[in-house]
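Everything below concerns the one structure shown next.
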Amino acid sequence: MDPNMNNLLKWGIQNSTNADGTAPPSQPSQNITPEMLNSLFGGPSEADLMKAAMEALHSDEVDLENKLVAFDNFEQLVESIDNANNLEPLGLWTPLVELLGHEESEMRRYAAWCIGTAVQNNEKAQDKLIVMNAIPTLVSLATTDKATAVRKKAVLALSSAVRNYQPGTNELVKHLPDGYPTGKVDAGDMDAIDAIMNKLRAHPVPSS
């Protein structure tokens with residue numbers, strides 16, 4: 001049973017009349033959460049929340065502060081593998097990847113962060129990242145973005161995208177700058193993957 005529904009059931013039992021018709025001791029109202037009420041009366045699904053967040057992220061009417069709140073919510077939602085796999089049927093991969101090129105560094109950072117969260121230990125999402133041709137963009141962010149926080153999240157996304165996933169590792173190697181491995185790298189060799197990621201983290205950023 002949905003935990004929220006279970007809590008509502010318990011609350012209903014605790015607050016129903018006793019067999020002798022007397023009411024039980026009152027329960028604190030804070031026992032009922034918005035999530036519990038949504039479960040009972042119907043509220044936006046997580047898919048609806050994901051779509052609403054993405055609409056906000058691409059809206060000219062939403063300021064940066066609220067966009068970052070929407071991005072934070074979106075990142076938490078895609079921690080669920082089911083929600084991450086819903087990105088494709090909901091048509092959210094394209095608008096998410098597009099945000100890697102946003103003029104605001106915090107938007108680029110969150111876009112890379114969300115991608116890294118969605119593809120972690122998720123072969124279906126890792127495969128989609130290749131289809132979206134996002135790995136070259138992430139490599140570029142990791143090695144050239146002026147914002148340190150963006151570079152860190154780009155490396156994190158790449159690390160999640162290629163570990164134990166050979167097609168992703170092959171794609172990464174093809175787009176690494178000079179001085180990086182050019183031959184076959186085993187996606188299951190964590191030492192080899194770590195060496196690449198550590199080198200990316202230390203990659204010198206070109207001066208303006």
Side-chain angles (χ1 to χ4, degrees), residues 50-51 53-54 57-58 71 74-206:
M50 290 166 65
K51 289 188 291 185
M54 189 58 68
L57 292 171
H58 281 271
F71 239 150
F74 190 86
E75 192 277 331
Q76 292 181 57
L77 285 165
V78 297
E79 287 179 354
S80 159
I81 192 168
D82 290 336
N83 287 338
N85 287 337
N86 254 344
L87 288 172
E88 181 174 5
L90 293 175
L92 298 180
W93 267 115
T94 295
L96 176 57
V97 170
E98 286 175 353
L99 291 170
L100 291 173
H102 200 280
E103 61 182 6
E104 294 284 351
S105 64
E106 277 295 278
M107 293 289 284
R108 298 194 302 276
R109 180 178 78 90
Y110 258 109
W113 187 1
C114 287
I115 288 171
T117 299
V119 301
Q120 188 172 22
N121 301 317
N122 186 343
E123 185 171 322
K124 184 176 180 180
Q126 289 171 323
D127 184 58
K128 188 62 181 177
L129 203 61
I130 295 178
V131 174
M132 295 300 302
N133 197 35
I135 288 181
T137 303
L138 289 168
V139 171
S140 178
L141 288 177
T143 56
T144 67
D145 201 283
K146 301 300 182 185
T148 301
V150 175
R151 296 197 303 274
K152 287 182 177 179
K153 290 301 183 185
V155 174
L156 176 67
L158 288 169
S159 179
S160 296
V162 306
R163 289 183 188 276
N164 293 310
Y165 184 60
Q166 196 61 51
T169 300
N170 295 344
E171 184 72 5
L172 171 65
V173 170
K174 287 194 302 184
H175 296 283
L176 289 172
D178 292 340
Y180 286 78
T182 56
K184 174 90 169 177
V185 175
D186 183 356
D189 185 343
M190 295 300 103
D191 288 340
I193 299 298
D194 285 343
I196 293 174
M197 297 305 150
N198 289 336
K199 190 167 185 175
L200 284 171
R201 290 186 185 96
H203 192 93
V205 179

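These numbers come from the heavy atoms of this one structure, side chains and all, not from hydrogens, waters or symmetry mates. This is a predicted model, so every value here is computed, not measured.
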Do Lys153's NZ or CZ and the ring of Tyr110 fall within the cation-pi criteria of under 6.0 Å and 45°?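 That pair does not qualify as a cation-pi contact.
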Please answer whether the main-chain N or O of Asp194 pairs with a side-chain N or O of Asn198 as donor and acceptor at a distance below 3.5 Å.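 Confirmed, Asn198 side chain pairs with Asp194 backbone.
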When Ile193 is tested against each of Thr169, Asn164, Asp186, Leu158 for side chain to side chain contact (heavy atoms under 4.5 Å, CB included), which residue passes?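 Going through Thr169, Asn164, Asp186, Leu158 one by one, the side chain to side chain contact (heavy atoms under 4.5 Å, CB included) with Ile193 is satisfied by Thr169 alone.
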Under the side chain to side chain contact (heavy atoms under 4.5 Å, CB included) test against Met107, which residue among Leu100, Leu99, Val150 passes?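 Of all the options given, the one that passes is Leu99.
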Check step by step if side-chain contact (heavy atoms from CB on, under 4.5 Å) holds for Gln126 and Asn121. CA-CA 8 Å; Gln126 289 171 323; Asn121 301 317; over 6 Å; no
Considering non-hydrogen atoms only, spot the tightest contact between [X] and [Y] and give its length.
X: Val78; Y: Ala84; result: O-CB, 3.8 Å
X: Ile130; Y: Gly168; result: CD1-N, 3.6 Å
X: Leu77; Y: Asn83; result: O-ND2, 2.9 Å
X: Val205; Y: Thr144; result: CG1-O, 3.8 Å
X: Asp145; Y: Arg151; result: O-NH1, 2.8 Å
X: Leu200; Y: Val155; result: CB-CG2, 3.9 Å

Taking it one step at a time, do Arg108 and Glu104 satisfy side-chain contact (heavy atoms from CB on, under 4.5 Å)? CA-CA 7 Å; Arg108 298 194 302 276; Glu104 294 284 351; 5.7 Å; no
Step through the shown structure and confirm whether more than 12 heavy atoms of other residues, nucleotides or ligands are within 6.0 Å of NZ on Lys199.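 Counting other residues, nucleotides and ligands, NZ of Lys199 exceeds 12 neighbours.
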Can you measure from [atom1] ([X]) to [atom2] ([Y]) and round to the nearest 0.5 angstrom?
X: Phe71; Y: Leu57; atom1: CZ; atom2: CG; result: 5.0 Å
X: Met197; Y: His203; atom1: CE; atom2: NE2; result: 13.5 Å
X: Met50; Y: Phe74; atom1: CE; atom2: CZ; result: 4.5 Å
X: Lys152; Y: Trp113; atom1: NZ; atom2: CH2; result: 12.5 Å

Should Asp189 and Arg163 count as an ion pair when the cut-off is N to O under 4.0 Å?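 No, no charged N to carboxylate O under 4.0 Å.
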Please examine the side chains of [Y] and [X], heavy atoms only from C-beta on, and report whether any two atoms are closer than 4.5 Å.
X: Lys128; Y: Asn85; value: no
X: Val139; Y: Pro177; value: yes
X: Leu172; Y: Leu176; value: yes
X: Trp93; Y: Ile115; value: yes
X: Cys114; Y: Leu96; value: yes
X: Ile196; Y: Pro181; value: yes

As a quick check of understanding, evaluate side chain to side chain donor-acceptor pair (under 3.5 Å) for Tyr180 and His175, giving each step before the final call. CA-CA 10 Å; Tyr180 286 78; His175 296 283; over 6 Å; no
Take Asn86 and Leu92 through the side-chain contact (heavy atoms from CB on, under 4.5 Å) test and state the conclusion after the steps. CA-CA 8 Å; Asn86 254 344; Leu92 298 180; over 6 Å; no
Under the criterion side chain to side chain donor-acceptor pair (under 3.5 Å), I'd like the reasoning laid out for Thr117 against Glu79: C-alpha separation, chi angles, the key distance, then a yes or no. CA-CA 6 Å; Thr117 299; Glu79 287 179 354; 5.7 Å; no
Can Gln166 and Asn170 be counted as having a side-chain donor-acceptor contact under 3.5 angstrom?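 Yes, a side-chain donor-acceptor pair sits under 3.5 Å.
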